[in-house]
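By convention in this document, chain letters (A, B, ...) are assigned in the order of the sequence lines, proteins followed by strands, and residues within each chain are numbered from 1.
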Protein chains: 2
Amino acid sequence: MSMRLQDVSETAPLRSCTHEYKVNCETCRLSKICLPLAINHQDLEQLESIIQRSKPLQKNELLYHEGTPFQSIYAVRSGAVKGYRTTSDGREQVTGFYFPGEILGMDGISNNSHASSARALETSAICAIPFDSLERLSASMPSLQRHLFQLMSREITEDQLLITLLSKNSADERVATLLLSIASRNARRNLSASQFRLPMSRVDIGNYLGLTVETISRVFSRMQKNGILCVDNKEIEILDQEALQLAANIAN
Amino acid sequence: MSMRLQDVSETAPLRSCTHEYKVNCETCRLSKICLPLAINHQDLEQLESIIQRSKPLQKNELLYHEGTPFQSIYAVRSGAVKGYRTTSDGREQVTGFYFPGEILGMDGISNNSHASSARALETSAICAIPFDSLERLSASMPSLQRHLFQLMSREITEDQLLITLLSKNSADERVATLLLSIASRNARRNLSASQFRLPMSRVDIGNYLGLTVETISRVFSRMQKNGILCVDNKEIEILDQEALQLAANIAN
DNA sequence: CCGCGGCCATGATGCAGATCAAGAATCGGC
DNA sequence: GCCGATTCTTGATCTGCATCATGGCCGCGG
């Protein structure tokens, strides 16, 4: 049995019930991978002033919903969030998982209404950044403007990677690629790249990768049998990084 | 046999060999769906001054290539372009088709190098818009800045639609959805939404939709037999819009 | 006019992953 | 700490599309 890490915040501990939480970008461990890249102290204070932090989302709580008026983009401070869109026949398609330091919600800009929904996969602290303020600020801060363009551009290239994955790769390759992606994002936050807890269910993984739950289970089992992984429910250990990379890279 | 429309420019006719071609945004039939949305006359002149137009690309010519330094985004003025990325094992994944009035190349912003390649599907006239100039300009033109954010955001939502299509839909649904997308983009340019020439090969369609050439052929044949389409090589006529919509919407 | 190369169509067969089914493990509420 | 609900695993079977194979068509150069 493994320790539960679910509710451990990666930033300062949260006060229980005040309206605004005592955190700021300057002391945030994630600042380097989040918004304020290449911004000086003064600018940071300005940015700081528009960012809103509300009380943490509980597991399964909705951050925003498709069709809802777009106002803010969001930064994950702790926990994990899934983005998804609902098809006309009511099924959902998971379009991404978002971990601490990552930004979501930018698909809402084009129509002033969210094109997708976002839901907490576990208890999660989120920073909301009102987009109109951000827009105004970025007109006078070239580095911020640039950073925003880059963030959106990265989202595009990542979506294109997923498109390629879905279109060209086998089940094993897809799963391996996802695990490696999570591992490297963990590394970026100075967490273990070889041992972690998946915050999402098998259903969500399958949905994201265009596969069924059963297939995800089978791939995990197979990789366990082959000594590539150690899988204990949501707890994953990568035993053979090389082999996993190989499994992912066969065609990608 | 149907008339060939391949090389007909949708804007002013092109001179044969001068360095800069005589076209401008103000008289461009596509201005409404291209960049200069919500920009006044003065601003337009400024924007105009940075846009470069070079001699048309011939069929199969490369517009930009993966890994190449990123300098400009591109607007299609006539013809058609495919965007694609090359997987590590050398195969390609088509990530989008771009028609007149549409913008491509924004995936290059995040790393200052193109994350994908783009190739002309037929003789095509392209406007290159140097991104650093655009960035500078947009800092002083809020409407332009907003327009750029919106363009990128739209690219994101469109990629997410493709992700959903690849992940959840059958071959018939995918093909039907693509045809409807092309039809509606034609309509936006005041061209026929029911009769058009596909600028891309079956291979490219299959690649884009995550299917093989054979499957594309079969779907076309089946839809022809069912009276939904009339297919004459690359010439497509949609005979039963309703049925096609139905075929696309089964799960989407 | 013929012959060659690229593109397209269509049939026969195979297979990866979906679907169906049934248990086992884990979670969450009381 | 128990019990129902949910999530996960594993097996058996089915199926949509890939793959393989072949032949037709069209455009182009000689």
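Between the side chains of Ser181(A) and Arg185(A), at least one donor N or O sits under 3.5 Å from an acceptor N or O. Inspection of the Thr86(A) and Glu92(A) side chains reveals no N or O donor paired with an N or O acceptor under 3.5 Å. Side-chain polar atoms of Asp89(A) and Thr87(A) form a donor-acceptor pair below 3.5 angstrom. Defined by atom type and a distance below 3.5 Å, a donor-acceptor pair is missing between the side-chain atoms of Asp107(B) and Ser153(A).
The CD atom of Gln224(A) sits 13 Å away from the C1' atom of dC8(D) (whole-angstrom rounding). Atom-to-atom, CG of Asp232(A) to P of dT7(D) comes out at 18 Å; the value is rounded to the nearest Å. When the P atom of dA18(C) is taken as reference, atom CG of Asn207(A) falls 12 Å away, rounded to whole Å. What separates CZ of Arg174(B) from P of dG16(D) is a distance of 13 Å, to the nearest Å. For Lys225(B) and dA9(C), the NZ to P distance is 13 Å, given to the nearest whole Å. If you measure from atom NZ of Lys234(A) to atom C1' of dT7(D), you get 8 Å, rounded to the nearest angstrom. In this structure, Glu214(B) atom CD and dG23(D) atom C1' are separated by 14 Å, rounded to whole Å. The nearest whole Å value for the distance from the CG atom in Asn169(B) to the C1' atom in dA18(C) is 15 Å.
Closest contact between the side chain of Asn233(A) and the listed nucleotides dC8(C), dT26(C), dT7(D) involves dT26(C). Of the candidates dA9(C), dT9(D), dT19(D), dT9(D) carries the atom nearest the Ser217(A) side chain, counting heavy atoms from C-beta on. The side chain of Leu211(A) lies closest to dG17(C), out of dG17(C), dA21(C), dT7(D).
Within 4.0 Å (heavy atoms only), Val203(A) reaches sugar-phosphate atoms of the nucleic acid but no base atom. Contacts of Gly206(B) with the nucleic acid, taken as non-hydrogen atoms under 4.0 Å apart, are absent.
A donor and an acceptor atom never sit less than 3.5 Å apart when one is taken from the side chain of Arg218(B) and the other from the base of dG16(D). Checked by distance alone, Arg202(B) brings no side-chain donor or acceptor within 3.5 Å of a matching partner on the base of dG6(C).
OP1 or OP2 of dA18(C) lies within a sub-4.0 Å distance of a side-chain N or O belonging to Thr215(A). Taking 4.0 angstrom as the limit, Ser221(B) places a side-chain polar atom (N or O) nearer than this to OP1 or OP2 of dT10(C). At dT19(D), none of the side-chain N or O atoms of Thr212(B) fall inside 4.0 Å of OP1 or OP2 (strictly under the cut-off).
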Test side chain to side chain contact (heavy atoms under 4.5 Å, CB included) applied to Phe97(B) and Lys82(B), step by step: CA-CA 5 Å; Phe97(B) 300 111; Lys82(B) 73 169 171 181; 3.9 Å; yes
